[in-house]
Amino acid sequence: MTHARRHGGFRVCLIHGKNLPMSAIRHALSTKREDDFAAWYQEVIASADMAEESGVRGCMVIKPWGYGIWERMQRLLDDRIKAAGVQNAYFPLFIPLKNFEREAEHVDGFAKEMAVVTHHRLIADGEGGLIPDPEAKLEEPLVVRPTSETIIGDAMSRWIQSWRDLPLRLNQWANVVRWEMRTRMFLRTSEFLWQEGHSAHASAQEAKDETMMALEMYRAFAEEDVALPVVAGEKPENERFPGAVETWSIEAMMQDGKALQAGTSHYLGTNFAHAANIKYQNREGRETLAHTVSWGVSTRMVGGLIMTHGDDDGLRVPPALAPFQVVILPMLREKPEDEALLEYCEGLRAAIAGQSALGETVRVLLDTRPGKAAAKRWDWVRKGAPIIIEVGGRDMEGGVVSLLRRDRLWNMDTGKPAFQNPDRDLCAQSVPTILADMQNGLLTQARERRDANIRRDVTDMDALAAHFSRDRKYPGWVEVQWAKPTGDALEKVVEQLKELRLTLRNVPMHAPPADGTCIFTGEQAVERVFVARAY
RNA sequence: CGGGGAGUGGCGCAGCCUGGUAGCGCAUCUGUUUUGGGAACAGAGGGUCGCAGGUUCGAAUCCUGUCUCCCCGACCA
């Protein structure tokens, strides 16, 4: 009985958030989350004008609104990276094939998904087409980078001679290519945009500290900027980055209960230093291998934002990331009185632009494109602009405006948009408060939803299988206790989970110590680990 | 890569089985009337039917190949 009730509770909690009178409301999207989450996700992207298919396998065109959100992420994360003392640099797109041959695990991990450049010229095929010129075959093929450990390692080996050269801490913003079997916009594309941090250190401890520094930076970025509650923890051995000694991640719960790995930080030990010959003379004059670290966050974070904050009316962009936080829509009539209205709106725009919210100048757009305000309103609702302000002649006469908060879109009594009508000047002053409240509210809402959908009382495999049975639409996550098996024993566990379409996510950092038995082996448990379906 | 589905104006689809001048809805443009709120009416523009071959007097339609997208798996920092 508890089960049935919980199940019902989960569905309401995961998708609706609140019990709205759904039937009375005409939503801005045609697909609801609870009806078809995957179709809903794609409709949000299309109707918010974020991205579209390109015709090139697995590659997308990121449109201004989607790219604007990514640029905001870049800005805020880059500020954090620089504040941590890491410097930006740029390394080549092409990596010599032989670089990958030096680290066995690394090549195993990536060989199956690499794009390779083999020719440097095209010639006519005699039938109106072009083919790679057989005469222009490269001596050594070039790999389009799937990640840059090996080429940055080359540079590090040249730049590091002495212990005085350490630590060397770099970051690059770049695109990478991984020839994935199955792609989904933003979540897994053949080409994606990211930042990759790379550092070399004198000691294992210092390198591990850097690994944790990056992980904590990601946690703060996710929660404070993206309003994405995450669990930071260590990945189990089988989920490690190829060639890493330790892989840490931040994991977020999407509204369908699946887990999304939203950022990773790897302690690479001396594996890559050995492969790339990153050595230095220590204070005693002895040649020593450096310890290296890498960490990355990608455009996948945009997908996580959509699946965390989107609703049945489209996207909701957290104010910190919104390219425009406030959009003003004058109700233009193509008549002489438009001029006075525009002047009134311009006054509002200037007043809002003079405000500062979340530590930055408020980003406000006065949308004067021709068209009806009501039609444009729904465009901005679907795009997820935090505050939409409509202004008509009657507002102007009364010295007020019509303000709509994207996080409180509907008046649940009337089933209509929940407009407020503040005084124009008070409205401008209240914008920073509203934006801060919304940023905070989105995080709180997502965190409560996540916490309500984590179970910690599952102690045997039958109960686990029941919890994740096929008729459970959105089962969320389960935190289990385990004996941390390794090698073949771990493989067996992974196989068991695979049959349930489940994966091990991570071992949360701040969990209470284990006090039970291992759900997989029955031995004394040593720690807790999250089990979930994953993207 | 395995199984399933689909590519036809910007978007969503019908037509294909049974070959014979390319259609519908939304969107767009123009005009009129409206308009405190996701307008109505009238008219108009826009497609070599994913691409390449083949069969045929004639191909969106039949055949072969190929590319792309979606779903389920497998795969996946």
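Each chain gets a letter, A, B and so on, in the order the sequences are listed, and its residues count up from 1.
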Under 4.0 Å, counting only non-hydrogen atoms across every strand here, what does A:Ser249 touch: a base, just sugar-phosphate, or nothing?
nothing
Identified pairing partner of B:C49, criterion: Watson-Crick or G-U wobble below 3.5 Å
none
With sugar-phosphate meaning primed atoms plus P, OP1 and OP2, does A:Arg300 contact a base, only sugar-phosphate, or nothing at under 4.0 Å between heavy atoms?
nothing
Once you round it to whole Å, what is the distance between P of B:C71 and CG of A:Leu187?
10 Å
Think A:Arg57 has a side-chain N or O under 4.0 angstrom from the OP1 or OP2 of B:U68?
yes
Figure out the CD1/C1' separation between A:Ile45 and B:C69, and round it to whole Å.
14 Å
All heavy atoms of A:His291 vs all of A:Tyr267, minimum pair found to be ND1-OH, 2.9 Å
Quick one: is A:Arg182 getting a side-chain N or O under 4.0 Å of the B:C72 phosphate, OP1 or OP2?
yes
Kindly indicate whether the side chain of A:Val176, heavy atoms from C-beta on, has any atom under 4.5 Å from the side chain of A:Trp194.
yes
Let me know which of A:His106, A:His198, A:His266 forms a ring pair (Phe, Tyr, Trp, His ring centres under 6.0 Å) with A:Phe272.
A:His106
How close or far is atom P of B:C11 from atom CG of A:Asp379, stated in whole angstroms?
16 Å
Respond yes when some side-chain nitrogen or oxygen of A:Lys335 is under 4.0 Å from OP1 or OP2 of B:U35, and no when none is.
no
With heavy atoms under 4.0 Å as the rule, sort A:Trp194 into base, sugar-phosphate or nothing.
base
Relative to the ring of A:Trp380, is the ring of A:Phe324 parallel (under 30°), tilted (30 to 60°) or perpendicular (over 60°)?
perpendicular
For B:U61, which nucleotide in any strand shown is its Watson-Crick or wobble partner with both distances under 3.5 Å?
none
Determine the contact category for A:Ser402: base if any of its heavy atoms lies under 4.0 Å from a base atom, sugar-phosphate if only primed atoms, P, OP1 or OP2 are that close, otherwise nothing.
base
Starting at CH2 of A:Trp40 and ending at P of B:C70, how long is that distance when rounded to a whole Å?
17 Å
Sort out for me which residue in A:Glu223, A:Gln261, A:Met253 forms a side chain to side chain contact (heavy atoms under 4.5 Å, CB included) with A:Val230.
A:Glu223
P atom, B:G50 versus B:A59: distance in rounded Å?
15 Å
Under 3.5 Å on both distances, the Watson-Crick or G-U partner of B:A6:
B:U68
Give one of base, sugar-phosphate or nothing for A:Gly109, where a contact means two heavy atoms less than 4.0 Å apart.
nothing
Is B:A14 paired to anything, Watson-Crick or G-U wobble with both distances less than 3.5 Å, and if yes, which nucleotide?
none
Find which nucleotide of RNA chain B each of A:Arg184 and A:Tyr535 is nearest to by heavy atoms, and output the residue with the more 5' nucleotide.
A:Arg184
In whole angstroms, how far is the C1' atom of B:C75 from the CZ atom of A:Phe110?
13 Å
Rounded to the nearest Å, what distance is computed from the CD atom of residue A:Glu113 to the C1' atom of nucleotide B:C1?
14 Å
A:Phe192 near the nucleic acid: base, sugar-phosphate alone, or nothing, with a heavy-atom cut-off under 4.0 Å?
base
Touch class at under 4.0 angstrom, heavy-atom based, for A:Gly296 against every strand present
nothing
For B:A22, give the paired nucleotide (Watson-Crick: N1-N3 plus N6-O4 or O6-N4; G-U: N1-O2 and O6-N3; both under 3.5 Å), or none.
none
Considering Watson-Crick and G-U wobble pairs with both distances under 3.5 Å, what does B:C75 pair with?
none
Counterpart base for B:G38, defined by Watson-Crick or G-U wobble contacts under 3.5 Å
none
Quick one: label A:Arg501 by what it contacts on the DNA or RNA (base, sugar-phosphate, nothing), any heavy atom closer than 4.0 Å.
sugar-phosphate
Proximity to the side chain of A:Lys372 - top-ranked nucleotide from B:C70, B:C75, B:U35
B:U35
Between atom NZ in A:Lys63 and atom P in B:G10, what is the gap in whole Å?
13 Å
Of A:Val400, A:Val401, A:Val326, which is the lone residue that meets side chain to side chain contact (heavy atoms under 4.5 Å, CB included) with A:Cys427?
A:Val401
Both A:Pro242 and A:Ala28 contact RNA chain B. Which one's nearest nucleotide lies toward the 5' end?
A:Ala28
Would you classify A:Lys376 as touching base, sugar-phosphate or nothing, given that sugar-phosphate means primed atoms plus P, OP1 and OP2, and contacts are heavy atoms under 4.0 Å?
nothing
Looking across every strand, which nucleic acid part, if any, lies under 4.0 Å from A:Phe419 by heavy atom: base, sugar-phosphate, or nothing?
base
Does some side-chain heavy atom of A:Phe530 sit less than 4.5 Å from a side-chain heavy atom of A:Glu251?
no
Look at the side chain of A:Ala38 and decide which nucleotide, out of B:C71, B:C72, B:C75, has an atom nearest to it.
B:C71
Measure from the side-chain heavy atoms of A:Gln42 and tell me the nearest of B:C71, B:C75, B:G38.
B:C71
Identity of whatever pairs with B:A27 - Watson-Crick or G-U, under 3.5 angstrom
none
Look at all strands and tell whether A:Gly58 reaches a base, only sugar-phosphate, or nothing, counting heavy atoms closer than 4.0 Å.
sugar-phosphate
Between B:C70, B:C76, B:U35, which one does the side chain of A:Arg188 approach most closely?
B:C76
Steps toward salt bridge (Lys or Arg N to Asp or Glu O under 4.0 Å) verdict (A:Glu101, A:Lys98):
CA-CA 5 Å; A:Glu101 293 165 352; A:Lys98 66 172 183 293; over 6 Å; no
Tell me: CD of A:Glu52 to P of B:G12, nearest whole Å?
11 Å
Compare the minimum distances between each of B:G38, B:C69, B:C75 and the side chain of A:Arg26, then state the nucleotide with the smallest one.
B:G38
